[in-house]
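One-based numbering along the sequence shown. Only heavy atoms go into these numbers, but all of them, side chains included; no hydrogens, no water, no symmetry mates. For clarity, every value in this text was computed on a predicted model and none was experimentally measured.
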Amino acid sequence: MSHPLRVRILRLCGDNVLTNKQLADRLGVDPGTVYYHVRQLVDAGFLEPAEVRTGESGALEKPYRSTGRTWWLSVSLDDLDLSQGLAPVDAFQQELAEAGPESIATYARFSLHLSPEDIAELDRRIVAVIDEYVETDRERSHLPAHGGIFLMHRAAKGKDPGSSDPGSSVG
């Protein structure tokens, strides 16, 4: 999951069963690059081969599908190589750009002063709400799909992204 292309491949294969060529066309990258990342995702259990099919030209195609649409990945900040960016955030930015600003259903920007225990509790509660929706998502499969990301970060030292009021938040 260390590369934004892998995150985007997973999203695309969560919505559709796609071949390496179809993924390469959608992502605007070389099919060999897609093949490499697809193999990594198959080996990690995030993608699986779908049933071989006959394509438009009559050739056999080997498509892939995602093994899940929602994942919880917890990585220690010390284990991240941020020199190349943060793959899930980069992928989310690319997906949002592809969908366009009119696709945004809701937005909240906030600034909170939190202890490590507060962060753990907020994360637990937000994940619990998201889990409730994930568990019942099949019941709403006839509705439009929405994507999102929940990310908390520590503000840069010496800077408070909120106002001078320590209890302020912006929603």
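Separating the CG atom in Leu112 from the CD1 atom in Ile119 is a distance of 9.5 Å, to the nearest 0.5 Å. Separation of atoms OH (Tyr35) and CZ (Arg39) is listed at 5.0 Å; rounding is to 0.5 Å.
Between Tyr107 and Ile104, the shortest heavy-atom contact is CB-CG2, 4.4 Å. Across every non-hydrogen atom of Arg124 and Glu121, the tightest pair is NH2-OE2, 2.7 Å. Between Leu10 and Ser66, the closest heavy-atom pair is O-CB, 3.8 Å. Residues Cys13 and Tyr64 share a closest heavy-atom pair of SG-O, 3.7 Å. His113 and Asp118 get closest at one heavy-atom pair: O-OD2, 4.4 Å. For Gly100 against Ser103, the heavy-atom pair with the smallest separation is O-OG, 2.6 Å.
With Val38 as the fixed residue, the side chain to side chain contact (heavy atoms under 4.5 Å, CB included) test singles out one of Thr19, Asp43, Asn20: Asn20. Considering Lys21, Glu98, Arg8 as possible partners of Arg26, the one that fulfils the side chain to side chain contact (heavy atoms under 4.5 Å, CB included) test is Glu98.
When the shell of 6.0 Å around CD of Glu56 is examined, it contains 12 or fewer heavy atoms from other residues, nucleotides or ligands. Heavy atoms of other residues, nucleotides or ligands lying less than 6.0 angstrom from CZ of Arg140 number more than 12.
Note on Leu96 and Leu151: same hydrophobic cluster, where clusters join Ile, Leu, Val, Met, Phe, Trp and Tyr whose side-chain heavy atoms are under 4.5 Å apart, directly or indirectly. Hydrophobic clustering (side-chain heavy atoms under 4.5 Å, transitive across Ile, Leu, Val, Met, Phe, Trp, Tyr) groups Leu12 together with Leu47. Side-chain heavy atoms closer than 4.5 Å link hydrophobic residues (I, L, V, M, F, W, Y) into clusters, and following such links, possibly through other members, connects Ile126 to Phe110.
Residues Met152 and Leu114 meet the side-chain proximity criterion, which asks for heavy atoms closer than 4.5 Å. Contact check for Pro63 versus Arg53: side-chain heavy atoms found under the 4.5 Å cut-off.
Qualifying side chain to side chain contact (heavy atoms under 4.5 Å, CB included) partners for Arg65, counting only residues two or more places apart in sequence or in other chains: Val17, Glu48, Ala50.
Asn16 contributes no side-chain N or O that, together with a main-chain N or O of Leu18, makes up a donor-acceptor pair within less than 3.5 Å. Between the side chain of Thr136 and the backbone N or O of Glu132, at least one donor-acceptor pair lies under 3.5 Å.
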